[in-house]
Amino acid sequence: MNRNLEGAIGKVIDIFSVFLTLFALQIIVLGPKLGYNKSLAIFLVLALPMTFFIYAGGKSSFMMKINIIDIIFAVLSFASIGYLVINAEYILTRVEYISPLTTADYVLGIIAIIAVLEATRRAIGLPMAIIALLLFVYAYFGKMLPPPFGHAGFTIKWIIDTMYLTSRGIFGSPLWVVITLAFPFIFYGVILEQIGVLKSFLDFANRLFGKSPGAPAKTSVVAGTFMGMASGMPMSTTYLIGFPTIPEMIKVGYPARTAGAIAAVVGTAAQLMPPMLGVAAFIVAQYMGVPYIKVCQYTLLPALLFYAVFFLTIHLETKRLGIKAVEIPTISYKQIMLGGFYIFLITLAILLYFLLKFYPVGLAAFYGCVAALVLGAVRKDNRLDLKGFYVVLAKTGRTSVYIAIACAAAGIITGFLVETGLNLKFANMVIAFGQSSLFLSLMLSAIAILVMSMGMPSIPAYITSIAIFGPALIRLGVIPEVAHIFCFYYATLYSITPPVAFASYAGAQIAHEDPMKTGLVACRLGIMTYIIPFIFAYAPAYLMIPEYWNLSEVFRLIVFVIPGLIIFAVGISGYLTRPLQKFDRTLALAAGLMLLLPFSFMDYAGFALMVIVLFRQGFIASLMKRGQNVTANGN
């Protein structure tokens, strides 16, 4: 639980946060001048102790206040990671598993591992800490298990050596990803928030939908997508967009849980929308080994398909609830631009320019941040002064602690998966199922990723899932692009999927609703995010890969997929020309699934079911009548 630190301790944490931000930024610009291992150790020696002050160890009054337990953990974590900074040359020159562990290595290694696990429990949640702890147990006791899960066994010394002193544990690639990819975008989002640009997103969306039925919900979709691309964090985005829009949605007639769910789905889905896709997609590009612009290419059509269904679902939901248009105060597009929207457009253009020039992603983002700072400093309203700049640096540091701890834990998890061979064992299981059914393998992988990622941010969830299931899916014939984007999609869905649904909890909190019920509504409204990965898994053409496009795919997209999206939205919302009865709603959902899932024998059956629903709802009759009226007026 996040503490709202104020007073002297808050100022001290802010100072450490500023140092953390400046240190990370100099790495982005200059590279790891101090060396890879030492740079990561310095970063974590600042971030890890801060965690025990920023995040409470429990909900009791004692734990909510800074106490002796926090101080002990902070001191021990500082000592254990500081030891690596001081002895960086020794760590670099020692021979893994051959050079004996000193007493200091052994003791401080155990302390560092315990500190990371406790920090993970506090900042990220119990599920991720339990996963890491279970893998510790598996590494030590796995020799007692029968095949196929048994292994030769690892000693405590081996575990400490790997997790503490090598780059395959705490200081693995996930932590490096935080600095080089996630950090500059956290910095960017904080800058936009500080100079008031995020409000212009809301003004822009209000200007678009201010006079239409359900305007607050539609505003939430557009403004939340912009905010989510900038922040990259579903829970934060849900709070940002939820506070101004959820009360307005409830006021015009949406049930409280529906209002909270809409904001949660928006906060989650924004990570899937080019051109920025939040923070995680830059990590996807690195792990795929392709330019970031390629990830934008792969995710564009799936994102458009989702938003088409989601927006239509909200519109039909609005109709079903009988919500009328209510005048919402709006300002002109000129005022919106002058209010700061131009800063977002300019900085986005700068980011894309440097990405297209193949600059490192972190450096391209840094240039966008510099442009935002300069434009914020010279504007008339909400001008960024030195005090504001200090706030930006401090808030960026505080925010990055969360993702840094997540990725330190992800380093432990992926390290154990690889070193014990458990990832390959999972992969072989998926392959064994896939020999009889690729669909079953995809389904099992999707469920496993959802379960495994509950409680993880999207970055470590993606890194872990691609390490386990990516190789298996590729060996089953799924092309690498599909495997990566499939894992990426499911790694983002933790935030709306109960029981660990952070974005849904945020929406429920603002709406004063039950979190579980809000999460279930979010799953219903955002269900297309669960289905779309299966669509492109069987049809890679929908990832905009040119060699897979042909007339057959174009025909299927126009004749089956797009109508399938529409009728599925009808089924989700339960409304077409009038509220649907259970039978018609079931038919609509079945028709949508048959049309969307790429089994050709089902396309025509789905099309027939869709026509039946349209006839039963009087939709075709109304279209024919409208056509006759147009013809009569023309004559």
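If you read the sequence from its start, that first residue is 1, and numbering goes on from there.
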Side-chain donor or acceptor of Arg257 paired with backbone N/O of Ala508 under 3.5 Å | no
Return yes if some donor-acceptor pair links the side-chain N/O of Ser445 with the main-chain N/O of Ser441 below 3.5 Å, else return no.
-> yes
Ignoring hydrogens and angles, write down the donor-acceptor pairs under 3.5 Å from the side chains of residues 301-319, residues two or more places apart or on other chains.
residue : atom : partner : partner atom : Å
Tyr307  : OH   : Thr225  : OG1          : 3.0
Thr313  : OG1  : Val309  : O            : 2.6
His315  : ND1  : Lys218  : NZ           : 3.3
Glu317  : OE1  : Arg524  : NH1          : 3.4
Glu317  : OE2  : Arg320  : NH2          : 2.8
Glu317  : OE2  : Arg524  : NH2          : 3.1
Thr318  : OG1  : Tyr254  : OH           : 2.5
Thr318  : OG1  : Ile314  : O            : 2.7

side-chain hydrogen bond (donor to acceptor under 3.5 Å, both in side chains): pairs with one or both residues in residues 338-356, sequence neighbours excluded | Tyr188-Thr347
Taking salt bridge (charged side-chain N to carboxylate O under 4.0 Å, His left out) as the test, write out the residues that go with Glu481, two or more places apart.
-> none
Is the CG atom of Leu551 crowded by more than 12 outside heavy atoms at less than 6.0 Å?
-> no
Pair Leu593-Ile531, side chain to side chain contact (heavy atoms under 4.5 Å, CB included): steps then yes or no = CA-CA 9 Å; Leu593 285 175; Ile531 295 172; 3.7 Å; yes
To the nearest 0.5 Å, what is the distance between CG (Leu596) and CE (Met528)?
-> 5.0 Å
Hey, which of Tyr530, Tyr298, Tyr542, Phe534 is the one that makes ring-ring contact (aromatic ring centres under 6.0 Å, His included) with Phe486?
-> Phe534
Scan residues 543-552 for pairs that pass side-chain hydrogen bond (donor to acceptor under 3.5 Å, both in side chains), counting only residues two or more places apart or in two chains.
-> none
Which heavy atom in Leu609 sits nearest to a heavy atom in Ala590, and how many Å separate them?
-> CD1-CB, 4.2 Å
Shortest non-hydrogen contact from Pro540 to Ile479?
-> CB-CD1, 3.7 Å
Between atom CD1 of Ile532 and atom OG1 of Thr299, what is the distance when rounded to the nearest 0.5 Å?
-> 11.5 Å
Salt bridge (charged side-chain N to carboxylate O under 4.0 Å, His left out) pairs, two or more places apart, involving residues 300-311 = none
Which heavy atom in Ala263 sits nearest to a heavy atom in Ile246, and how many Å separate them?
-> CB-CD1, 3.8 Å
Looking at CD1 of Ile449 and OG1 of Thr492, how far apart are the two atoms once the value is rounded to the nearest 0.5 Å?
-> 10.5 Å
Could you tell me whether the side chain of Ser200 reaches within less than 4.5 Å of the side chain of Val197, counting heavy atoms only?
-> yes
Approximate separation, where rounding is to 0.5 Å, of Phe555 CZ and Asp603 CG = 9.0 Å
Are Tyr490 and Phe469 close enough that their ring centres sit under 6.0 Å apart?
-> no
Answer whether the closest heavy-atom distance between the side chains of Leu580 and Leu587 falls below 4.5 Å.
-> no
Indicate the atoms forming the closest heavy-atom contact of Met610 with Ala591, along with that distance.
-> N-CB, 3.7 Å
In sequence, state the C-alpha distance, the side-chain angles, and the governing distance for Tyr538 and Phe439, and then conclude on side chain to side chain contact (heavy atoms under 4.5 Å, CB included).
-> CA-CA 9 Å; Tyr538 281 91; Phe439 182 79; 3.1 Å; yes
Kindly indicate, with the supporting measurements, whether the criterion side chain to side chain contact (heavy atoms under 4.5 Å, CB included) is fulfilled by Phe583 and Val613.
-> CA-CA 10 Å; Phe583 179 72; Val613 173; over 6 Å; no
Val570 vs Tyr575 side-chain heavy atoms within contact, under 4.5 Å = no
Within-4.5 Å side-chain heavy-atom neighbours: Leu442 and Pro533 | no
Pairwise distance OG1(Thr577) to CG(Leu614) - rounded to 0.5 angstrom | 9.5 Å
Return the minimal non-hydrogen interatomic distance between Ile463 and Ile466, and the atom names on each side.
-> O-CG2, 3.4 Å
In this structure, are over 12 heavy atoms from other groups packed under 6.0 Å from Phe607 atom CZ?
-> no
So which heavy atom on Leu595 is nearest to which on Arg556, and how close?
-> O-NH2, 3.0 Å
Calculate, to the nearest 0.5 Å, the distance between atoms OG1 and CD1 belonging to Thr238 and Ile262 respectively.
-> 12.0 Å
Please examine the side chains of Thr258 and Met249, heavy atoms only from C-beta on, and report whether any two atoms are closer than 4.5 Å.
-> no
Under the 3.5 angstrom rule, does the side chain of Gln297 hit a backbone N or O of Met544 as a donor-acceptor pair?
-> yes
Go through the structure and list residues passing salt bridge (charged side-chain N to carboxylate O under 4.0 Å, His left out) with Arg616, not counting sequence neighbours.
-> Asp584
